[in-house]
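Following: one structure in structure tokens, then a few remarks.
Just so it is clear, the model here is predicted, and its values are computed rather than measured. Only heavy atoms go into these numbers, but all of them, side chains included; no hydrogens, no water, no symmetry mates.
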Amino acid sequence: MRADRPGNDSVTAVLGPTNTGKTHLAVERLCGHSSGMIGFPLRLLAREVYDRVVRIKGASQVALITGEEKIVPKDARWFLCTAESMPLERDVAFVALDEAQLGADPERGHVFTDRLLRARGREETMILGSEALRPMVKALVRDAEIITRPRFSTLSYAGARKISRLPKRSAIVAFSAEEVYAVAEMLRRLRGGAAVVMGALSPRTRNAQVAMFQAGEVDYLVATDAIGMGLNMDVNHVAFASLHKFDGRRQRRLTVAEMAQIAGRAGRHQRDGTFGALSEDGPGAFGPEEVLAIEEHRFPPLDHLYWREGEPDLSSIDDLIASLEMRPEARVLRAAPEATDLAVLKRLASEDWVRDRVRSPAMVARLWAACGLPDFRKTGVDPHARFVGRVFGHLSEGGGHVPHEWFAAEIARLDNVAGDVETLAGRIAAARSWAYIANRADWLADPAHWASRAGAVEERLSDALHASLTQRFVDKRTTVLMRQIGADKGALPVVIGEQGEVSVEDQTIGTLQGFRFAVAPDAKAADKRMLLAAAERRLGPERARRAQALVEAKDDAFTLDGTAIVWGGHEVARLAAGPMLTRPRVVPDRALECLDRQTQDAVRGRLEAWLAARIARHLPGLLAIEAAQRDAGASAPLRAVAAALGEAGGIVPRLGIDAAVDGLDAGARKRLRGAGVIIGALDLFDARLLKPEPARWRRALIAARGVDTKEPPPAGATVLARGEAGAGIGHGFRLLGRQAVRVDLVERIARAAHDGRDGFRPFVPDPALATSMGIAPDTLSRLMAALGFRSLPPQEGRPRWVWRGLARAAAAPPPKRDNAFAALAGLGSGHG
């Protein structure tokens, strides 16, 4: 009997390739009957068809039943279910089973075979499947009428294409979450992003992802083979990332029928579609025979289906296991491999406490129902058996309910939307377990309340997962760029904001920081090259305008930060070693290389002029010292002393250049004093260099020569502890034992000591000056010794000293180098 002429208990098998409208036909037949039921391979597909039937019949008369979701109005007449959840005890006029060829699947096949054999409508039954199912229908449902539905459009092989060359509206199919994520990440970098669809996603997340694809927000979809099960999407091309999958037991190549099932999602109604692979050769490529079979829809017929007893014996645990392990009688049926529910049942049957509680058929049924709790989290048989055992422990004691405290605590733990894609997906999988429990009417005291709670948590997690997937695998900036310009980055419509933000169609792709374009900080590393190339060609006029503003800027618009010259808050150049300390080279930032040569020269000239003016203002003594060093008419001792001072930056220990200092004549000494140099007892220095701003500039000039000046002393410091920042001659501090004293204060103490002595007779110096400076007695003793005084036994507890009149060089130990800063001067840091 034909499908469009139902009769009493008629069975019709509608077979054919994908894109034949088989599911659409079944929905039409369902709605044409007074009641009905369809079993689907995926809860995503069940939900999709449920929404469609609700629009036709109204929500009050349509039911949705899956493992984790039950919407069953009291007046429901039309039921959309997963195959496992079909309530076969209901008497309905119409029953359909979708994708019945899945009876050949080792993992779930026994469920589809059981429905094919037992699920019947009062008036009409429809079996939907591929043409390969024909011999199975003939052998098992002998009175069934078989109708072949041709494909509405042509499906043709388009060859292998790299991801970067895939056409828009393509779906790329992978066979693991890791592979899906890897392909989606590549598409995000190359094409702006992709929607992601996997069977493990909640319907809410899946629908949100598909909606992005359908609305054109992204042009690519990355999915598992779930899309081969009738999910309706506007796909023109299907590309296989791989042709191998793990089927739960081993890694194997897809059958031609499986390839065709997936490839058939390309094209819609009468619009042609194409399929192909991402690899031209190797195991990821199609063979000629496979291509021909897919294009002509010719596949090896199935020679068996998997079977397990659909109505097992519930007399006892052993009878239940025995009936589930029965061998089928029909020649075309094979015993199903041990499924997770049976494996869990065997684990629990070995527990004494389980057998003690299961002593009636009703309790056997309850145990078997608990074993049917799916392993959504994919933890494996043993961990899942422990979880099921805990659930059954509650179901078999007291009121026979899972404690609401446990349920509430677990739901609260999962109600957390923080985390990455994998974390959120894991929480959703766990939430599905609790949703399944809540949708068992007799497992909770208030199942409706807890089902609502579990559903709300799954919805929140689903929304967060959609947002996380979108954030991770969709780059709206790149999508906009690719739509605007294709491969021509020079045509980019760039807009530069007041704060330097660079945008394309309101999508910020980076900022222009001075002359340097910085990609937006949230851009992935792989995207930066494209964004840089896209923006660079349109930033020339703005950079030229900024260069002109720099050239015309006043001196106070520039600052020195370390060795960096800063303008407008951004580094534009750095100081480097030049011919003299006070004549460093100005090295423009590489970002200025985008300017033409004439503009670069103008910028460099402006920066050099500013630098020379600032050095003249803050370091006039160094300029005078270097002038003396270069003066051919100056005496040799003066040039030698000036060279040492110039090399060290205006502060140098006297030790080591004593001969040159002693050789200075009156004119030379006057010239040094005019340059601000103090010829001290222990050191030569320009006291102005000890002030904060000149000191900062002096450090910058020394650092420009590649010398590590280390951390400077605190501003205004006069005495430092040994080892403290800045405690060295390079910063103008003389080390004396456990303290370092600023060189100008050392000179003050030296003058006070000489002013207080009486020839070569012993004297007691006034310690007040040193004490007021914070100089410790031990430090003062070391300083007096360094100045040429010899200590005598104390008198009345007061130290006494006598002037020895000896040359310091003869009395002092060899110098020590305290750091690289002091090494610049080529001299030691003084007495330690």
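Taking 4.5 Å as the limit, some side-chain heavy atom of I71 sits within range of a side-chain heavy atom of Y50. Looking at E107 and P337, their side chains never come closer than 4.5 Å, going by heavy atoms from C-beta outward. Considering only heavy atoms from C-beta on, R206 comes within 4.5 Å of V210 through its side chain. Using a 4.5 Å heavy-atom cutoff, the side chains of R546 and L512 are in contact. Side chains of F213 and D219 form no contact here, defined as non-hydrogen atoms less than 4.5 Å apart. Within the 4.5 Å cutoff, side-chain heavy atoms of V474 are placed close to those of M212. In this structure the side chain of I127 never reaches within 4.5 angstrom of the side chain of V14, judged on heavy atoms. Between T148 and R134, the closest side-chain pair of non-hydrogen atoms falls below 4.5 Å.
Here CG of L187 is found 5.0 Å from CD1 of I163. Values are rounded to the nearest 0.5 Å. Taking CG of L116 as the start and CG of L133 as the end, the distance is 6.5 Å to the nearest 0.5 Å. One finds the CG atom of L64 at 8.0 Å from the CG atom of D51 (value rounded to the nearest 0.5 Å). Annotation: the span from E289 atom CD to I294 atom CD1 amounts to 11.5 Å, rounded to 0.5 Å. Rounding to the nearest 0.5 angstrom, the gap separating the NE2 atom in H466 from the OG1 atom in T205 is 8.0 Å.
Donor-acceptor pairing under 3.5 Å is recorded for the side chains of H237 and T274. Side-chain atoms of H297 and E131 include no donor-acceptor pair closer than 3.5 Å. A donor atom on one side chain and an acceptor atom on the other are not found under 3.5 Å apart for T66 and R47.
Among residues two or more places apart in sequence or in another chain, the ring-ring contact (aromatic ring centres under 6.0 Å, His included) test is passed with W78 by none. Not counting sequence neighbours, the partners of F275 by the ring-ring contact (aromatic ring centres under 6.0 Å, His included) test are Y157, F286. Applying the ring-ring contact (aromatic ring centres under 6.0 Å, His included) rule to Y181 yields the partners F473; only residues at least two apart in sequence or on another chain are considered.
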Where do E258 and R252 land on the salt bridge (charged side-chain N to carboxylate O under 4.0 Å, His left out) test, with the steps shown first? CA-CA 12 Å; E258 289 171 329; R252 64 171 178 83; 2.8 Å; yes
Kindly determine whether R253 and E290 satisfy salt bridge (charged side-chain N to carboxylate O under 4.0 Å, His left out), including the steps that lead there. CA-CA 12 Å; R253 189 174 179 86; E290 293 169 334; 3.0 Å; yes
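Proximity of a side-chain donor or acceptor of D375 to a complementary backbone N or O of T379 within less than 3.5 Å is detected. Checked by atom type and distance alone, the side chain of S462 pairs as donor or acceptor with a backbone atom of E458 at under 3.5 Å. Of the possible polar contacts, one joining the R115 side chain to the A83 backbone as a donor-acceptor pair under 3.5 Å is found. Judged by distance alone, the side chain of S170 and the main-chain N or O of P167 form a donor-acceptor pair under 3.5 Å.
Using a cut-off of 4.0 Å between Lys/Arg side-chain N and Asp/Glu carboxylate O, E571 and R516 are scored as not salt-bridged. Ion pairing between E69 and R432 fails under the 4.0 Å rule for side-chain N and carboxylate O. Between E48 and R43, none of the side-chain N atoms (NZ, or NE/NH1/NH2) sits under 4.0 Å from a carboxylate O, so this pair counts as no salt bridge.
Annotation: cation-pi pair R169/Y220 absent, no NZ/CZ under 6.0 Å from the ring centroid and within 45° of its normal.
Within a 6.0 Å sphere centred on CD of E280, heavy atoms belonging to other residues, nucleotides or ligands number 12 at most. Counting non-hydrogen atoms of other residues, nucleotides and ligands closer than 6.0 Å to NE2 of H24 gives a total of 12 or fewer.
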